[in-house]
2 protein chains.
Amino acid sequence: MSTAAKPPPEICNLLALRQATRRLTQLYDHFLAPSGVRGTQFSILARLKARGPMPIGEMAEAMVMDRTTLARNLMPLRRQRLVAVTPGVDRRRREIRLTDKGLATIEAALPLWRRAQHHFEARYGGGEAERLRAMLREVAATELAGGG
Amino acid sequence: MSTAAKPPPEICNLLALRQATRRLTQLYDHFLAPSGVRGTQFSILARLKARGPMPIGEMAEAMVMDRTTLARNLMPLRRQRLVAVTPGVDRRRREIRLTDKGLATIEAALPLWRRAQHHFEARYGGGEAERLRAMLREVAATELAGGG
DNA sequence: GCAAAATAGGGGCATATGCGCATAATAGCC
DNA sequence: GGCTATTATGCGCATATGCCCCTATTTTGC
């Protein structure tokens, strides 16, 4: 019977996440600007560099992203010749791979990204940031809408 | 010097946030679907219900959102006659307010939202969720790109 | 009182996000 | 070997996000 029985929308987990994401997107895009790639594009290029070529669907799942979203996020990268999409052995699949220009771009972007990381962790605390990432990874890894 | 001197992109704070946001958006939109509003729209309507009419710029700042983004997020809500935008006394400003239909909609959406909250906190832990929100609020409240 | 500065907002451009439907291609059954 | 189920993907529609430039309005300076 306390007033806390019906939690008010001010404590919405989704709203808190979205607001923090918008704020952090500002920060990372600001630092990454000289490299010409956005935060989302950085993630894609960095993953390709670390793991090598992979099909769209596989990367989409790893990124917790809709396949069609990733496919369209790739379009500006393809226009700029940073990634190439080629048919795989299984011709239903299409492999994404870094071009030489894409490799050069991600390597130029890496120190900028590190500066964004440091800037954030200087403001927020390195240990706190690590705890935050751990929590977020757990959220991202859980099939929330399903039965699991 | 250990190999940890150059942190790898796998520990990107922004990527972790985006992935968790995508996952949580799935969850909340799934639960909110019967009400016909998305998570973002729910936040807007809920805020209007709690705080009363307010100008676009003021809400945008409170939501850590670009003014133009909020203005466009309002368009589908205006089309559905859930909110109305009227000129203020200072005719540069435009006041957003809930319509009767908007009030009915947010009140119908509230129990659905609570179910989403409960679902999340059942999977993730209520205390953990509270800690997560506290961290995210701190991130959202900080002027990260600026000097502060 | 009028010109300049400041403020609130809109529209264009580009990216990011995901659902539903359609298409292409492989795998499996018989 | 051809029909069917499965899989990988694309495309249209709609929302979400933010930057830059422009317009409208108020405030300020003189």
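We name chains A, B, ... by the order of the sequence lines, and we start the count at 1 in each one.
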- prompt: Are Arg137(A) and Glu10(B) close enough, and set up right, to give a salt bridge (charged side-chain N to carboxylate O under 4.0 Å, His left out), and what steps lead you there?
  reply: CA-CA 11 Å; Arg137(A) 264 197 292 269; Glu10(B) 284 79 17; over 6 Å; no
message: Under the rule for side chain to side chain contact (heavy atoms under 4.5 Å, CB included), what residues qualify as partners of Arg72(A), not counting sequence neighbours?
response: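 With neighbours one apart ignored, the set is Thr68(A), Met75(A).
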Set of side chain to side chain contact (heavy atoms under 4.5 Å, CB included) partners for Glu58(A), sequence neighbours left out: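 Side chain to side chain contact (heavy atoms under 4.5 Å, CB included) list for Glu58(A), sorted by chain: Met54(A), Pro55(A).
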Verify same cluster id: Tyr124(A), Leu17(A) (apolar side-chain graph, 4.5 Å):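 Yes, same cluster.
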message: Quick check on DNA chain C: between Glu95(B) and Val89(A), whose nearest nucleotide comes earlier from the 5' end?
response: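 This one resolves to Glu95(B).
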message: Reading DNA chain D in the 5' to 3' direction, which nucleotide is the first one with an atom under 4.0 Å from a heavy atom of chain B, and which is the last?
response: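 That gives a stretch of dT15(D) to dT26(D).
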- request: Quantify the bending of the helix from dG1(C)-dC30(D) to dC30(C)-dG1(D) as the angle between its end axes, each fitted on five pairs, to 10°.
  value: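 About 10° separates the two local helix axes.
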task: Nearest whole angstrom, please: distance from the C1' of dT23(C) to the CZ of Arg94(A).
output: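 From Arg94(A) CZ to dT23(C) C1': 13 Å.
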query: Given atom CG of Asp90(B) and atom C1' of dT7(C), what is their separation to the nearest angstrom?
result: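 Computing the Asp90(B):CG to dT7(C):C1' distance gives 8 Å.
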N or O in side chain of Arg92(B) less than 4.0 angstrom from dT7(C) OP1/OP2: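 For dT7(C), neither OP1 nor OP2 has a side-chain N or O of Arg92(B) closer than 4.0 Å.
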- prompt: Just wondering, do Met63(B) and Leu15(A) contact through their side chains at under 4.5 Å, heavy atoms?
  reply: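 Yes, close enough: below the 4.5 Å cut-off.
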field: Strand contacts (DNA chain D) in residues 55-80 of chain B, 4.0 angstrom heavy-atom criterion
entry: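 DNA chain D contact set from residues 55-80 of chain B: Met65(B), Asp66(B), Thr68(B), Thr69(B), Arg72(B), Asn73(B), Pro76(B), Arg79(B).
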query: Between Phe31(B) and His119(B), how do the two ring planes meet: parallel, tilted or perpendicular, split at 30° and 60°?
result: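 Judged by the thresholds at 30° and 60°, the geometry between Phe31(B) and His119(B) is tilted.
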query: Does CZ belonging to Arg67(A) count more than 12 external heavy atoms closer than 6.0 Å?
result: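 No, not enclosed.
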message: Suppose the criterion is salt bridge (charged side-chain N to carboxylate O under 4.0 Å, His left out): which pairs have a residue in residues 31-56 of chain A, not counting sequence neighbours?
response: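 Every pair satisfying salt bridge (charged side-chain N to carboxylate O under 4.0 Å, His left out) with a residue in residues 31-56 of chain A: Asp29(A)-Arg38(A).
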Heavy-atom donor-acceptor pair, Gln117(A) side chain to Asn13(B) backbone, under 3.5 Å: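 Yes; at least one donor-acceptor contact below 3.5 Å.
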Spatial distance of atom CD1 (Ile44(A)) from atom CG (Asn73(A)) [nearest 0.5 Å]: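 Output value for this atom pair is 5.0 Å.
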